[in-house]
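Treat the numbers as computed from the prediction; the structure is a model and nothing was measured.
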Amino acid sequence: MMLRPLLIGGAVACLIACTTQHPLSDSGTDPRIKASGLGILHLHCTYTASYCGGAEPDPSEYPRATPWRGRMFIREAHVDSTGMFAMNDLHEPILDTIIMNEEGNGYLELPAGCYLLLDKDRLNDSTYRQLLRDFAKPAMYTQPIDTACMRNWLYGPFGVIKLLAGDTTHEELGLRGYCPWDDTPCVRYNGPLPP
């Protein structure tokens, strides 16, 4: 099952991840980090399962957000004129990986700059090409995949994470599960839904 981000869609990947918080001075800035031109990314990820039918549950029993443990990838971003968005340039290398712990927290030191935060499906175009092949034609309950939608799914534009030297940037990423009939991006389901 694919996960989809709720709050930010971005990308960055790496080989080494930090999962412990770096000590900061009272002002929130570690002088050693500021002098080196590094910033700290603190990412908090949650996951919320989808309600996929059946008897209507009590509102207190609806799926709730829980900490998400997993890996996200960092890629340098070349921002647009607004400074807020960037395209996912597949020719740019993955710079690092950030791994969330049991509480859904991950920490990573990076040079000051702008970055995309990506899941594994957007690191390259292999998942994109596979989905285009698998859903090229209509099936019993689905329409063919929307190719323009898929280009946006892979390339963006995505929101940018900005790191400043000597600062900690806090980002919240909410992921949610999808029901079986809408689990594939950019494929419209027309079939029967569960009661």
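- A donor-acceptor pair is defined here as one N or O able to donate and one able to accept, closer than 3.5 Å; no such pair exists between the side chain of Thr46 and the backbone of Ala65.
- Asn105 is listed as a side-chain neighbour of His44, based on a closest heavy-atom distance under 4.5 Å.
- Residues Arg71 and Met100 fail the side-chain proximity criterion, which asks for heavy atoms closer than 4.5 Å.
- Partners of Pro63 by side chain to side chain contact (heavy atoms under 4.5 Å, CB included), not counting sequence neighbours, listed by chain and number: Thr48, Ala49, Tyr51.
- Scored by the ring-ring contact (aromatic ring centres under 6.0 Å, His included) test, Tyr155 finds no partners at all (sequence neighbours excluded).
- Within the 4.5 Å cutoff, side-chain heavy atoms of Arg176 are placed close to those of Ser50.
- One finds the CD1 atom of Ile99 at 10.0 Å from the CG atom of Asn101 (value rounded to the nearest 0.5 Å).
- Residues Phe158 and Trp153 approach most closely at CZ-O, 3.3 Å, considering heavy atoms.
- Shortest non-hydrogen contact noted between Val187 and Gln143 is CG1-O, 3.8 Å.
- Within the 3.5 Å criterion, the main-chain N or O of Gly83 finds a donor-acceptor partner in the side chain of Lys162.
- Identified under the disulfide (SG to SG under 2.5 Å) test for residues 61-134, with sequence neighbours left out: none.
- For the atom pair CG (Asp80) and CE (Met87), the distance works out to 10.0 Å, reported to the nearest 0.5 Å.
- Taken to the nearest 0.5 Å, the OH atom of Tyr178 stands 9.5 Å off from the CG atom of Asp183.
- The stretch residues 38-107 participates, sequence neighbours left out, in these disulfide (SG to SG under 2.5 Å) pairs: Cys52-Cys179.
- Arg75 has its side chain within reach of Leu90: a pair of non-hydrogen atoms, C-beta onward, lies under 4.5 Å apart.
- Residues meeting the side chain to side chain contact (heavy atoms under 4.5 Å, CB included) test with Leu132, sequence neighbours left out: Tyr128, Ile145, Thr147, Met150.
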Would you please test Thr168 and His170 for side-chain contact (heavy atoms from CB on, under 4.5 Å) and show each step? CA-CA 6 Å; Thr168 299; His170 298 272; 3.6 Å; yes
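- Sorted by first and then second residue, the salt bridge (Lys or Arg N to Asp or Glu O under 4.0 Å) pairs with a member in residues 129-144 read Asp125-Arg129; sequence neighbours excluded.
- Taking CG from Asp89 and CD from Glu76, the interatomic distance works out to 10.0 Å, rounded to the nearest 0.5 Å.
- Annotation: the span from Thr169 atom OG1 to Leu41 atom CG amounts to 7.0 Å, rounded to 0.5 Å.
- Using a 4.5 Å heavy-atom cutoff, the side chains of Tyr115 and Val160 are not in contact.
- The closest side-chain heavy-atom distance from Pro111 to Leu38 is below 4.5 Å.
- Heavy atoms only, all atoms of each residue included: Pro185 and Leu131 are closest at CG-CD1, 4.0 Å.
- Here the CE-CG distance, from Met72 to Leu108, works out to 12.5 Å after rounding to the nearest 0.5 Å.
- For the side chain to side chain contact (heavy atoms under 4.5 Å, CB included) test, residues two or more places apart in sequence or in another chain that qualify with Asn124 are Ser126.
- Closest approach of Ile98 and Tyr107 over heavy atoms only: CD1-N, 3.8 Å.
- The salt bridge (Lys or Arg N to Asp or Glu O under 4.0 Å) search around Arg69 returns Glu102, not counting sequence neighbours.
- Every residue two or more places apart in sequence or in another chain that forms a side chain to side chain contact (heavy atoms under 4.5 Å, CB included) with Tyr189 is listed here: Tyr141, Thr142, Trp181, Pro192, Leu193.
- With a 4.5 Å cut-off on side-chain heavy atoms, Ile40 and Asp167 do not count as touching.
- At a threshold of 4.5 Å between non-hydrogen side-chain atoms, the residues Asn88 and Leu154 count as touching.
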